[in-house]
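By convention in this document, chain letters (A, B, ...) are assigned in the order of the sequence lines, proteins followed by strands, and residues within each chain are numbered from 1. The figures here come from the full heavy-atom set of this structure, side chains too, leaving out hydrogens, waters and symmetry mates.
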There are 2 protein chains.
Amino acid sequence: MYTDDKGKVPGGEADAAASETERAADLIFAALVDRIIAGELRPGDALNETALAESFAVSRTPVREALQRLGVTGLAQRGPRRAFMVSQPDRASLDDLFEAMGEVEALCAEYAARRMSAAERAGLAEIVAEGAERVAATDEAGYIAVNARFHRALFDGAHNATLRDLALGLRIRTSPYRDAQFRRTERLASSQAEHQRILTAVRAENPAAAGAAVREHIAATALNIARMIAAARG
Amino acid sequence: MYTDDKGKVPGGEADAAASETERAADLIFAALVDRIIAGELRPGDALNETALAESFAVSRTPVREALQRLGVTGLAQRGPRRAFMVSQPDRASLDDLFEAMGEVEALCAEYAARRMSAAERAGLAEIVAEGAERVAATDEAGYIAVNARFHRALFDGAHNATLRDLALGLRIRTSPYRDAQFRRTERLASSQAEHQRILTAVRAENPAAAGAAVREHIAATALNIARMIAAARG
DNA sequence: TTATGGCGATATGTATACAGATGACAAGGG
DNA sequence: CCCTTGTCATCTGTATACATATCGCCATAA
């Protein structure tokens, strides 16, 4: 489950005068996002309207709505018959995506280093501590969850809703590739060490250091994933 | 007309295996975006599905699709009956929006300073020269168009599709507020001077200077708009 | 006069039916 | 044997009909 406590994802538009009854389209959108993040739906997989409608026991209408949102969000792209499929960026696009994510996350970290309250900094430290436990226990699934919370805390710490939404959106788009690395490679410990470095910079209220640490963290992630993909192909 | 040559806006998802026949939903989306940018639809204006369907002589279905996209893009938000209306961010949200736009545009400028080809730099210089002409002629409408091309060129110059789309999306969201300032305030000359500064930095392949110049440019814009809104209220 | 509760109108959400386009496949010719 | 072309199945795009919730208004009572 990546969708946060309220089940909200940037793709689901602002909830100003929201109602309590959940629309089918919202549920389907959230469900599809979760499936993509969980890896049940993989890049390139077809998103057939009729099939999805059947599986969710609804008509095509709310399914189409959910797919539209996935498309605008960047999680889905159009294939042959203008049909949607889970986005499968080529190498260049994937590089762009990770580069952009690194920069936007770095921005968040810089602002977080300036703006986080004492309580927020303490909370971030707490999350890093939990990460250390998960690494010690070699608990990949647990670490993935802690990792998500860590980055989320950085985004919130920037105290800028627009930046946060941008960062969350990019993070979701990279998730099909990100989470797998923790299971397939020896990246737990190094990732945790990088988190520690970021935390230190944020605590020191040093924006430049925080931004640099995040950039390196994402670069390391991107490199690791590139290797993983290359290995899978070779 | 803000929508670029191909009538594409980030909200319209990637056009991998696109077809030539334009769908009604696409046309309506583009039309609504244009109306918002042109100021015909202003923040807070209701976007009634039935009324729009009638005015476009189509059913509600494609209208709903277009509205969904506007919502995810951030150009529309939900009002009372879950009905869409043109986004009307409060002061804090608007500050966030401009802050984020400044940062993302600055990122683009930094990358552009590093990556633009000689031809691209020459093209940027050409645009700035055209801007000088429009300022000399006190041609607000003409300058608005040149201004859009200038920023667009910076985004393209970053050579990163994801960053470009993020920047374009943010730029569209701010357009209801941006364009008005050229007509209502004495901002033509100062804006042009700032463009010149950015160009100089990009030509010198100086990312830091380019980023700083853009940040100041957007900050000046945001300040001007804040004053304008305050004046309109007071 | 004000607050409250129900009722009705209206707009959105969903289902279904129809139309159009596209990709696949097979048959025929070079 | 390969390429071309036409037909067909299937999936998306749009229209229309129906269900449902929300908001405003009016009546009624405190």
Pair A/Arg183 + A/Glu140, salt bridge at N-O below 4.0 Å:
no
Taking only N and O in the side chain of B/Thr61, is any of them less than 4.0 Å away from OP1 or OP2 of D/dT14?
no
Verify side-chain contact (heavy atoms from CB on, under 4.5 Å) between A/Phe29 and A/Thr73, making sure each step is shown before the conclusion.
CA-CA 11 Å; A/Phe29 175 74; A/Thr73 310; 4.3 Å; yes
Are A/Arg114 and A/Tyr111 in a cation-pi setup, meaning NZ or CZ lies under 6.0 angstrom from the ring centre and within 45 degrees of the ring axis?
yes
Enter the distance from B/Ile229:CD1 to B/Arg91:CZ here, rounded to the nearest 0.5 Å.
7.5 Å
Reading nucleotides 4-13 of chain C from 5' to 3' and marking B where a protein heavy atom lies under 4.0 Å of the base, S where only the sugar-phosphate is that close, and - otherwise, the string is -----BBSBB
Distance, rounded to the nearest Å, where B/Phe56 contributes CZ and D/dT14 contributes C1':
16 Å
Is the closest basic N to carboxylate O distance between B/Glu65 and B/Arg69 below 4.0 Å?
yes
Using atom CE of A/Met85 as one end and atom P of C/dG23 as the other, report the distance to the nearest whole Å.
13 Å
Nucleotide D/dT12, atom C1' - distance to CD of B/Glu22 in whole Å
15 Å
A/Glu99 and B/Arg115 ion-paired at < 4.0 Å:
yes
